[in-house]
Amino acid sequence: MRTLIKHILAATEPKEAVTVKGWVRTRRDSKGFSFLELNDGSCLANVQVVVDSGTPGSEHLAHLTTGASAVIDGKLVASPAQGQKWELRATRLELVGTADATYPLQKKGHTQEFLRTIAHLRPRSNLYGAMFRVRSRLAFAVHQFFQERDFVYVHTPIITASDCEGAGEMFRVTTLKGNIDEKPQADFFGKPTYLTVSGQLEGETFACALSNIYTFGPTFRAENSNTARHAAEFWMIEPEMAFCDLQGDMDLGEEFLKALARYALEHCAEDLALFAKFVDKGLQERLKFVVERPFVRVPYSEAVEILKQSGKQFEFPVEYGLNLQSEHERFLTEEHFKSPATVFNYPREIKPFYMRLNDDGKTVTAMDVLVPGIGEVIGGAQREERLEQLHENMKLHKLKPEDYWWYADLRRYGTVPHAGFGLGFERLLMFLTGVPNIRDVIPFARTPGSADF
RNA sequence: UCCAGAGUAGCUCAAUGGUAGAGCGUCCGGCUGUUAACCGGAAUGUUGCAGGUUCGAGCCCUGCCUCUGGAGCCA
């Protein structure tokens, strides 16, 4: 029976007979015996295998090169040398698959740019193995966070006919050939359809029935965005709460980020240590800071004043009514507050129609959670629950109410104050691992001009 | 899409307009309870693509492609 290497290395006593299966990371030969470093992806560390010449199967040793796969039976013993607690003394080895000299992963470090060109092999490297283990655990932690709080997981549709206004360009989904705009009624769904840019509007309908819900699924944006923090396909988390206002929304967003940072520190320590070593020296300090310290909350108008009085020269102007630029957000979190910051109550003109108008008649209940290094990681709002006001907002944004009849029905029948937010899972991973490029936190990145693998 | 930078050996990078190199990896040999082992030797190139200038282009010019960083859009 196979034992995963993570369990082998966690042993508390020697074991007479164990079997490991994995891929050779490196081999060092000595006179009369060899050292094999075997990794099976179950953890960052390799198990050191000692193979004496004459061991059954050792005639294949020459082919057990970096990248080859092998099954090894052996005895787990305390290692006499520095560097590892346990080592496996092989009693039998089996070469499963060879890897010749063209195997592109060397024992030495590679750039992330090169590894992106071999995305099918990069999970066999230390950094990406760690990344995708952490990604899995944090996806689980997302569900755990919401399930513990009685949120219901909702699968909103991936194909949709409605545009979550303001979220970005959409990919068209069609079975038509030729000119697809000529007769859209002849298309598969009888109308133009797209890949979803957000499950929010559908999510609201379920919150207005099941009270607290969340979505966690793939999302698509056809924007021609070429940055380290944009992808055409990404995973988004969107909670929505009935009988909840902006305060409650900000509470949940901040609590969520803290909970995931805490989870990463507690459950991904070995992998986090690797990120700290190679990509972000201050990673653990930053995560502890996020867990322990309260987030700063600042109204948009006050944020504008802080920027104006900073005495700093910005490339883009700071003026009430203008969007905060990346440089402004970075200044706030990285230099001024030196912590994550939640900016709320934005001018209505720069935010979408569904956000609730405040009593001042000028601002809406929007909130963005900004984090150092990445910028916006959460964007959310309390929704406009008043039917008349919603219609007026639509008019202001030049939207046709009939396109949103079902969305408006939520305000027509038993309307309630409700709020929610969207959070990009990949941006969360960037923040929690310190890996600076979104292409390196998703298994196979889809970006403009690139859908390889 | 805009601005800037870069494409040379499998990888990371050198190379005044004048014979294309190094380190690592690979292969061969040696040595050693080794740890990104060590020592010696060898092989490895359509210099991103297409044109142009020149006696001569990796280097200069034009166009294109790709990648990287930044910006916009946003999560």
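The partner of U8(B), taking Watson-Crick or G-U wobble pairs whose two distances both stay under 3.5 Å, does not exist in any strand shown. Across all strands shown, U53(B) forms no Watson-Crick or G-U wobble pair with both distances under 3.5 Å.
Among the nucleotides U12(B), U35(B), G72(B), the one closest to any side-chain atom of E37(A) is U35(B). Nearest nucleotide to the R330(A) side chain, out of C11(B), U34(B), A71(B): A71(B). Of all nucleotides listed (A71(B), C67(B), U34(B)), C67(B) comes nearest to the side chain of E113(A).
Taking the six-membered ring where tryptophan is involved, the planes of F33(A) and F35(A) are perpendicular, since the angle between them exceeds 60° and thus also 30°.
The main-chain N or O of E315(A) is found under 3.5 Å from a side-chain atom of E327(A) such that the two form a donor-acceptor pair.
Taking only distance into account, the side chain of H230(A) meets the base of C74(B) through a donor-acceptor pair shorter than 3.5 Å. Side chain R439(A) to base C67(B): no donor-acceptor pair is found below 3.5 Å. Evaluation of atom-type donor-acceptor distances gives no pair under 3.5 Å for the side chain of S225(A) against the base of C74(B). The base of G10(B) sits with one of its N or O atoms less than 3.5 Å from a complementary donor or acceptor on the side chain of Q106(A). For Q84(A) against U35(B), a side-chain N or O and a base N or O form a donor-acceptor pair under 3.5 Å. No hydrogens or angles were tested; on distance alone, nothing pairs the side chain of R229(A) with the base of A75(B) as donor and acceptor under 3.5 Å.
Remark: P of U34(B) and CG of D52(A) are 15 Å apart, rounded to the nearest angstrom. Taking atom NE2 of residue H110(A) and atom C1' of nucleotide C13(B), one finds them 15 Å apart after rounding to whole Å. Distance CD (E426(A)) to P (A75(B)): 14 Å, rounded to an integer number of Å. For the pair Q82(A) CD and U34(B) P, the interatomic distance rounds to 11 Å; values are reported in whole Å. Whole-Å rounding puts the E315(A) CD to C2(B) C1' distance at 12 Å. Atom CD1 in I350(A) sits roughly 13 Å away from atom C1' in C74(B) (whole-Å rounding). Rounding to whole angstrom units, CD1 of residue I438(A) and P of C73(B) are separated by 17 Å. Between the CD atom of E376(A) and the C1' atom of C74(B) there is a distance of 6 Å, rounded to whole Å.
The residues R27(A) and E37(A) are annotated as not salt-bridged, no charged nitrogen and carboxylate oxygen being separated by less than 4.0 angstrom.
Under 3.5 Å, the side chains of S198(A) and E238(A) contain a donor-acceptor pair of N or O atoms. No side-chain N or O of R149(A) forms a donor-acceptor pair with one of Q144(A) less than 3.5 Å apart.
For the C1' atoms, the distance from U8(B) to G21(B) is 10 Å, rounded to whole Å.
Smallest separation of non-hydrogen atoms from L9(A) and V47(A): CD2-CG2, 4.1 Å. The two atoms that bring A303(A) and V343(A) nearest to each other are CB-CG1, 4.3 Å, heavy atoms only.
A sub-4.0 Å separation between OP1 or OP2 of G69(B) and a side-chain N or O of N437(A) is present.
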Inset, instruction - Summarise how protein sits on nucleotides 36-48 of chain B as a single string, 5' to 3': B when a protein heavy atom is under 4.0 Å from the base, S for sugar-phosphate-only contact, - for no contact. - result: BS-----------
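Under the ring pair (Phe, Tyr, Trp, His ring centres under 6.0 Å) rule, Y214(A) has a single partner from F145(A), Y153(A), F256(A), which is Y153(A).
In this pair, F35(A) does not lay its aromatic ring on the base of G33(B); centres under 5.5 Å and planes under 30 degrees do not both hold.
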